[in-house]
Every structure is written in structure tokens, then in C-alpha cells.
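Below, read A as the first sequence line, B as the second, and so on, with proteins coming before strands; counting in each chain starts at 1.
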4 protein chains.
Amino acid sequence: MARTAGSNGTRTLEAIRKAGLRLIYRQGYEAMSLRQLASEVGIQVGSLYNHISTKQDLLFDLIRVHMEELIARLDRALEGFDSPADRLDAFIRFHVEYHIARKREVFISYSELRSLEPKNYDVIVELRGRYERRLIDILDEGVAHEDFTTADTTVAAFGILAMLTGVCTWFKPGGRLSKDEVIEVYSGMIRDGLVRPGAGFTPDRLLPRPPAGAVPGA
Amino acid sequence: MARTAGSNGTRTLEAIRKAGLRLIYRQGYEAMSLRQLASEVGIQVGSLYNHISTKQDLLFDLIRVHMEELIARLDRALEGFDSPADRLDAFIRFHVEYHIARKREVFISYSELRSLEPKNYDVIVELRGRYERRLIDILDEGVAHEDFTTADTTVAAFGILAMLTGVCTWFKPGGRLSKDEVIEVYSGMIRDGLVRPGAGFTPDRLLPRPPAGAVPGA
Amino acid sequence: MARTAGSNGTRTLEAIRKAGLRLIYRQGYEAMSLRQLASEVGIQVGSLYNHISTKQDLLFDLIRVHMEELIARLDRALEGFDSPADRLDAFIRFHVEYHIARKREVFISYSELRSLEPKNYDVIVELRGRYERRLIDILDEGVAHEDFTTADTTVAAFGILAMLTGVCTWFKPGGRLSKDEVIEVYSGMIRDGLVRPGAGFTPDRLLPRPPAGAVPGA
Amino acid sequence: MARTAGSNGTRTLEAIRKAGLRLIYRQGYEAMSLRQLASEVGIQVGSLYNHISTKQDLLFDLIRVHMEELIARLDRALEGFDSPADRLDAFIRFHVEYHIARKREVFISYSELRSLEPKNYDVIVELRGRYERRLIDILDEGVAHEDFTTADTTVAAFGILAMLTGVCTWFKPGGRLSKDEVIEVYSGMIRDGLVRPGAGFTPDRLLPRPPAGAVPGA
DNA sequence: AATGAATGAGTATTCATTCAT
DNA sequence: AATGAATGAATACTCATTCAT
């Protein structure tokens, strides 16, 4: 007899994915044991294998599904915004909101990359590249329209992504700043930088250099 | 009596730390076995314990020494710079250079925080806070002098740190961009943002919002 | 659902307990390795942990079950005997027979007390006290009835227990004396002592004392 | 230069023996590590081997020296007592006093017999037999003189030894009974038994038997 | 006589995975 | 779909002993 959706089996798998996500987030993939996972789900360790094929596959699945959804939802979030500036703003808002809402998926997608077997690693890195590409394209377009200015859109994109992604390591809902305020701070920085127009740096000044010995081996 | 400096013992410990750093960086703390470590060093597993007390202690020691040196060298790197703008620039340069030069120490200091036992974790987080404080202070000073403008210096500092630290995950010496060029791109972004003066965003516009359903649970 | 009684699991546990008892008796708890235990049982070392939780727990379980059975069976053995003299005799007979029949459990219950973790140690000592109490009560009753005479029933009880328990260290079935003969010798000694009535000691003589230096530090 | 007696070396060996005795008494031979021993003595583990040849040898030495001294002192303690009754009394007093004064040596001499290698084991068992022989001889003499009455002097001797030796497991100086009171209780029991003359047992009665099932396998 | 470093075999315990029931 | 038991390899760590210094 065919199982109806929401059958025990489907529900158990969902419970495994959920508990697995939580445990990997909290302890790391290597440090999570399947015994622990099974006990969180409330089944015996052998029963896990009715739902997953290996521990590695569970990790891969969690990350892959997350990456695919990330991309799909980004595309939806960018719909209807045409100018590079608006698209950048939409990207920033989406990225931050998504990374706050799904902080665990996001975190393990970064931190457990090295726990992926080479074949799986490659798949995820390709997906990540696709996501990054969306931002780089926005920046390239902006530079082409002379809306943005940067010496290197790829490096700039990496910088923006790192900055925004960092949010999910420290943001606490109900904390000092609301989500929207955080987005506002970051949007402002990315758009206009820190320096008040007219103040601060002279455009062509030499960059200050650290004294000898500050940086090891430098 | 005391062994001469550079005795076998000292050299062995150094070899253990070096190999440990490499292995933890490559595979993660949990995934590195002491068998592996010993074999890399060229001694028996039991001999490790003449030099370290536990695996956890090796990790803690690697991170702690790194954090202390990071702070000490930052202070040296900031010496002689007085204006907030110069100090920010010096910070950016130092941070990037140090994070490129010591990418492995840096990486494990972030990624293996969760592998630290609570007591050790607290020590490192306190040190990290001290380092972050240096940057927040610079931003606060800059805002006080009306050189910088941001709604929240702490959030801005976290953003800057995340952006700069990201460098060590992708920078390859001899790659498309030199270290100095990367620093230049990041300094530019942090100072002036991406948007060309006059172009782009209207100051008071409403931020664009993603369509319903783009962000899960939002 | 539940495995049938006598399933593989139950049988394996029994085999573990039996082999564990034999090995601890022969070599001591510390000297018995789980490798050895597993190999005696005919399973892999890891499989032990499907049946016991730790090595310590196996020891504790063996001793605790023994002590509980010892007490329960003593109570059955004393049933129907009312006079202190008969009860003492019944105690002696029971103790010797049980200690011969279960010499291994008895031995490890004494010799491995110090291998028990404090919490487990306390449990066993409490049980042991309950058993000793049975004998002290008999002696107290006997003294109250003026059947027995001793300056201290607790010390006398300890003396009797030590004497009887010693049997299991040297008694060999099929040896020079039968079990019943041993019981007869000990019953006689405990009842009437060694000295022939009329012979030997004068009641009020001074006890002889060892010459100075015989006992160290005395 | 020849070492004077009481040189550092001799003193260190004494410290090792003393600490070893204490540790083996407290934890057992198997459970005592040479690292622990060295640390108690205040030297490095390697240095132990300037004084002892192996861990086993330390144990053997502690037990052997104790046994030899036990016998020598017993002989001194029996000097001057001629009648079996006086010799028995002198034996009891000596044994109890010595076992209280040297409880640690006594204890490990029993409990660590099984940790001795066969060759060493044989030596100690031979010495023990020599000590036991002293008591058996006293009893035999007493029976020959018709001062004592027992069905088996060897079994009686084992019983007496077990009873007296038990003292060192529970006697605490300063406790409820003084050493002399304990000796008095035991001497009384061994001489005259528990039963008041005239009371209690009828000489020829059948011994009571436990109900079926009280003793396992009996 | 003492040290510090090494060895190699050992410890209890945990692991992911398999499989008959 | 779940269980309980098994496997075999791995884990961090400890051990008694050796030895050049």
C-alpha cells in the first residue's frame, strides 16, 4: 500500500532532519553521533537507516536543500527590481533576513563544508558560486551603469557577503537593534561607507603602513 | 638541570603545534586524530603526552597564543596613528595582512570555538572581545569627531570585521589581485561605500521590500 | 516487541556476567581487561556495550545482586529457628555453605570493594551492614537470654564472620574434610572454644605479654 | 666515594617503599601507577628505576620483608611461654597487636597475593605456611596434652587466623574498644566459646539444617 | 641519582554501519 | 518501519619501562 504523505515514515525523516540540523549546528558534524541523533528523535540508532543512507548523506542533503532554496528564494526576492541600486538593496535585505531566519542551515553550510566528501563538496561549492554570481552580476551592472564604483566587483561581492553573513553569528531577535535597523546600518555602509562626505581622508593620500614587525613574516 | 633552549623537547613541542595547526585547519579539531598528529610529527602517540596534556589543551593553547599575539601586534600596528581615519585605515591594513599571513590560526580561532570546553571558550571570547573593542573605539572616536557616520558603531565594527576576515578564506597569494590591491578595495568600500556620489539611491526613499514568501517564516 | 526470554541478548548478558565473575575472581577487577572478557564470551569488545554500560557497572551489579541474594537466602535459612543457640547454629551452617557454594561472588565482594566508585561502595557497605546485623542480633538475643556470654557482641560477630568467611579461601570439595565436618569444627569452636573444660587457663590469671620489641611500634 | 647509610639514595628508596605501601593499600597494586608513586615521592617516574627494578619487585619486596619480620617477631613473642595455653594466648596477643600496628602490610600481603608472579607467589605462600605452622603446632601440642579439644587443628588454626586477622579491617584506635579489650574478647571466644556452660546446646543434638533452597545449588 | 623524552603495547569506551527478526 | 544485537575499526589517553644526558 502506498504511504500517504505525512505518513509515519515521512514524519520520522523530517524529525531526523530537524534534529540533525540542530545537533550539527550546536556541536558540529564530527561531534554529533548517530546515537545522539536517534535518541533525540526517539528511535533506536539502527532505525535511522530506514530513512537516511549514511551520516554523510544527511549532512549533504541538509546543505544542498538549503542552498537550492536559498537561490530559488533570492530569485523571487529580486523580481521586480530593475536598477542595480534597487537590486543591491533587495539583495542585502533578502540575504540578511534569510540568514537570520535560517541561521542554522546557513552556519552549517559554511562550517561543515570541509566535512563533505569531495563529490558532495563540489556540488555545494558550485551552488554557492551560483548564489555569489547573482551579487557579482548586480555589482557589474551597477559599475556598467556608472552607479557603483569599485576596483573589483568580485572582491567587493565577497566583502559584502562576508559582512552580511556575519549577522547570523551575533544577531539576537529582541536584542538592542531590530532586524530592520541592522539592515539599515549595513545598507548604509555598503552604499555610502563610513566617512562623512567632506571629512576624513584625502583622496590621494598614501595609505598608512604598519611599523616593521607588526605583521608576522611580513 | 634545565635543558638548553632548542633541546629536543622544545623542538618536539614546536613540531606538534605546527602539525596540529595544519591538521586542525585542514580537517577540523574533531576530525584530527592524535594518531595522525603523532605520525605527522614522527613520534609515537604516547610521546605526544610528554609535551601536551590533552588534545583540548593543544587546541586551546593554539588559539590563545594566537589571540594574544593578534592583540599585541595590533597595538603595535596602531602606534603613531592619531586621527580616527588613519587609525581605521591602519586597522584595516593590519587586520588583512595579519589574517592573510596567519590564515590557519585565524580560521581555527573562529571555526573551532565550539570545540572549546566552556572554561576555555570563555577565555577566548574575552580575548576576542578585547580585539573587537579596539575597532569599536576607533569608530566611536570617529563618530565623536564627526569624521564617521553610522547608526551603530558596534554593528558597523562587526560588519567590517566579518568583511575583512573573510579575506583569509579566499585570498591566494599570486592570485588575480595583490594583497595591497585587496586592501585598497576594502578600504575604499569601508570609507566611501559602493555608490558613486551623485548616483544611485535617493537619500530618503523607502527601502525596497522582498515579495511575500521570499524569506521563510517572514 | 519484547524479545522472548532466553533470547540471544539475555543469554549474552548472562555469559558476560559469568565470565566477568570468573575473571575478576581470578585476576582482580583492575587486571581484567574488557578485551579478555569479550574474548571469553566470544564476542567483539564493542558488543559488550550492548549489554553493560561500563566496566564499573558490571562489577557493581555482580556484587549487589550477590549481596541481595545473600540476605534473602539467609532470612529463608533462619526461618523456623527460634532459640538463639539454634539460630546461631543455623547462621553458621548457612554462611559456610553459601560461602562455599558461591566462593567467587563472596571473594570479589570483599576484595573488590575498593574498586567500587564511592556511590556504589556506599550501597554495598550498607547491604553488608544489614547482613552483619542479622548475626549481631542473634548474639544480642543470646546474651539477653543468658545463653551466650561475651564482652561485646559486635566484635564477636565480626570475629565469627571473619572466621567463617575464611573458609572459602581454602576449602576444596573432595579435600581432607567434608563440608559438614568443617561446619562441625567451626560450630564447636564458636560454641565451646578450644579449651577442654577443667584444663588450661586459670580464670583470673594475668594474660601473658609479649617481650618488648616483638610488636613494632608497640 | 662510598655512600653513607642514610644517604640520599637510601632515603629515597625508603620513601618509595613507604609511598608504595600506602598507595597499594589504598588503591591496589594494579590501580597504582608508577607515575603516581613517583609524584608522591617527589621525583620523576624514570628516577624510580634507580631504586627499584620493576613494579612487581617493589610489591614482592614489600610483602616478603613483611612476612619475614612477622615470623621473626612472632618467635620472639613466643619466647618464654611453655604451656600450650600460654603459647596460644601469646600468639593471639601478638597476632592482633602486630596486625593492628602493621595493618597496611598485612592487608596487601593478603589482597595482592594474586598480583604476584608465580615465582614470587610461591615464596610468599611458603612463608605464610611457616607462620601458620607455628599456630598449628601450638594447637597440636595442646591437643596432645589434652588441654585443647578440636576435631582438626589445621582447620581450627585457619579459623583462628581468619578471625584475628579480620581485626585489621575494622579496628580503629580510639574507637569504642581498646586494643586490649578486643584481645580479651577474642581470647575468651577462642578459649571458651560463646555458650555459657550449662546453657544452650545439648551435646549430642542433631545440627539444625536450612530449609531446601536456602543455599544455591545445595 | 635524577631528568625528560621516548617507546609500544595497553586501557575503556564510542563510532557508523549492518542485519535478522 | 522499528528493534536489539553485532561488528570492526577508531578514539583519547595511560602504562611500565628504557635510556641518553
Side-chain angles (χ1 to χ4, degrees), chain A residues 3 7-13 30-38 41-56 58, chain B residues 1-4 7-13 30-38 42-56 58, chain C residues 1-4 7-13 30-38 42-56 58, chain D residues 3 7-13 30-38 41-56 58:
Chain A
R3 297 238 156 210
S7 73
N8 245 9
T10 304
R11 264 188 275 124
T12 304
L13 177 56
E30 289 280 352
M32 172 194 75
S33 83
L34 292 191
R35 276 158 166 75
Q36 224 184 341
L37 178 57
V41 174
I43 59 178
Q44 292 307 110
V45 68
S47 309
L48 288 174
Y49 286 85
N50 290 317
H51 305 277
I52 64 172
S53 54
T54 63
K55 189 187 178 189
Q56 168 74 201
L58 173 61
Chain B
M1 269 313 124
R3 292 267 164 161
T4 53
S7 76
N8 250 9
T10 304
R11 264 188 274 124
T12 304
L13 176 56
E30 290 280 350
M32 172 193 76
S33 83
L34 294 190
R35 275 161 162 70
Q36 231 183 333
L37 177 57
I43 59 178
Q44 294 306 112
V45 131
S47 307
L48 287 174
Y49 286 86
N50 290 319
H51 306 278
I52 64 172
S53 54
T54 62
K55 189 188 177 190
Q56 166 76 200
L58 173 61
Chain C
M1 269 308 125
R3 293 265 164 162
T4 53
S7 75
N8 250 10
T10 304
R11 264 188 276 125
T12 304
L13 176 56
E30 289 281 351
M32 173 193 74
S33 84
L34 294 191
R35 273 160 162 72
Q36 232 182 333
L37 178 56
I43 58 177
Q44 294 305 112
V45 122
S47 307
L48 288 174
Y49 286 85
N50 290 319
H51 306 278
I52 63 172
S53 54
T54 62
K55 188 188 179 191
Q56 166 76 199
L58 174 61
Chain D
R3 294 232 157 217
S7 73
N8 246 9
T10 304
R11 266 189 275 125
T12 302
L13 176 56
E30 290 280 351
M32 172 193 75
S33 83
L34 293 191
R35 277 157 166 75
Q36 224 183 340
L37 177 57
V41 175
I43 58 178
Q44 292 307 111
V45 69
S47 309
L48 288 174
Y49 286 86
N50 290 318
H51 307 277
I52 64 172
S53 53
T54 63
K55 189 188 178 190
Q56 168 74 203
L58 173 61

For [N] and [X] - does any side-chain N or O of the residue sit under 4.0 Å from the phosphate oxygens OP1/OP2?
X: B/Ser47; N: E/dT7; result: yes
X: D/Thr12; N: E/dA1; result: no
X: A/Gln44; N: F/dA2; result: no
X: C/His51; N: F/dG4; result: no

For C/Leu58 and C/Leu37: C-alpha separation, side-chain torsions, deciding distance, then whether side chain to side chain contact (heavy atoms under 4.5 Å, CB included) applies.
CA-CA 11 Å; C/Leu58 174 61; C/Leu37 178 56; 3.7 Å; yes
Measure from [atom1] on [X] to [atom2] on [N] and round the result to the nearest Å.
X: C/Ile43; N: F/dG4; atom1: CD1; atom2: C1'; answer: 13 Å
X: D/Leu58; N: F/dT17; atom1: CG; atom2: C1'; answer: 15 Å
X: C/Ile52; N: F/dA6; atom1: CD1; atom2: P; answer: 13 Å

**Message:** With a 3.5 Å distance limit and no angle check, can you tell me whether B/Lys55 reaches the backbone of B/Met32 through a side-chain donor-acceptor pair?
**Reply:** yes
On DNA chain E, more 5' by nearest nucleotide between B/Val45 and B/Asn50 is B/Asn50
Whichever of A/Gln56 and B/Gly46 has the more 5' nearest nucleotide on DNA chain E, that residue is B/Gly46
Name the nucleic acid region contacted by B/Leu48, choosing base, sugar-phosphate or nothing; use a 4.0 angstrom heavy-atom cut-off, strictly under. nothing
Contact check, residues 30-37 of chain B vs DNA chain E, heavy-atom distance under 4.0 Å, returns none
Might you point out which heavy atoms bring [X] and [Y] nearest each other, and give the distance in Å?
X: B/His51; Y: B/Leu13; value: O-CD1, 3.9 Å
X: B/Leu34; Y: B/Leu48; value: O-CD1, 3.5 Å
X: D/Thr54; Y: D/Tyr49; value: CA-CE2, 4.4 Å

Among the nucleotides F/dC13, E/dT18, E/dT13, whichever has the atom closest to the side chain of A/Tyr49 is E/dT18
Residue set satisfying side-chain hydrogen bond (donor to acceptor under 3.5 Å, both in side chains) with D/Gln44, at least two apart, ordered chain then number -> none
The helix from E/dA2-F/dT21 to E/dT21-F/dA2: angle between terminal helix axes, five bp per end, to the nearest 10 degrees, reads 0°
Output for pair (B/Asn50 CG, B/Thr12 OG1), nearest 0.5 Å, gives 9.0 Å
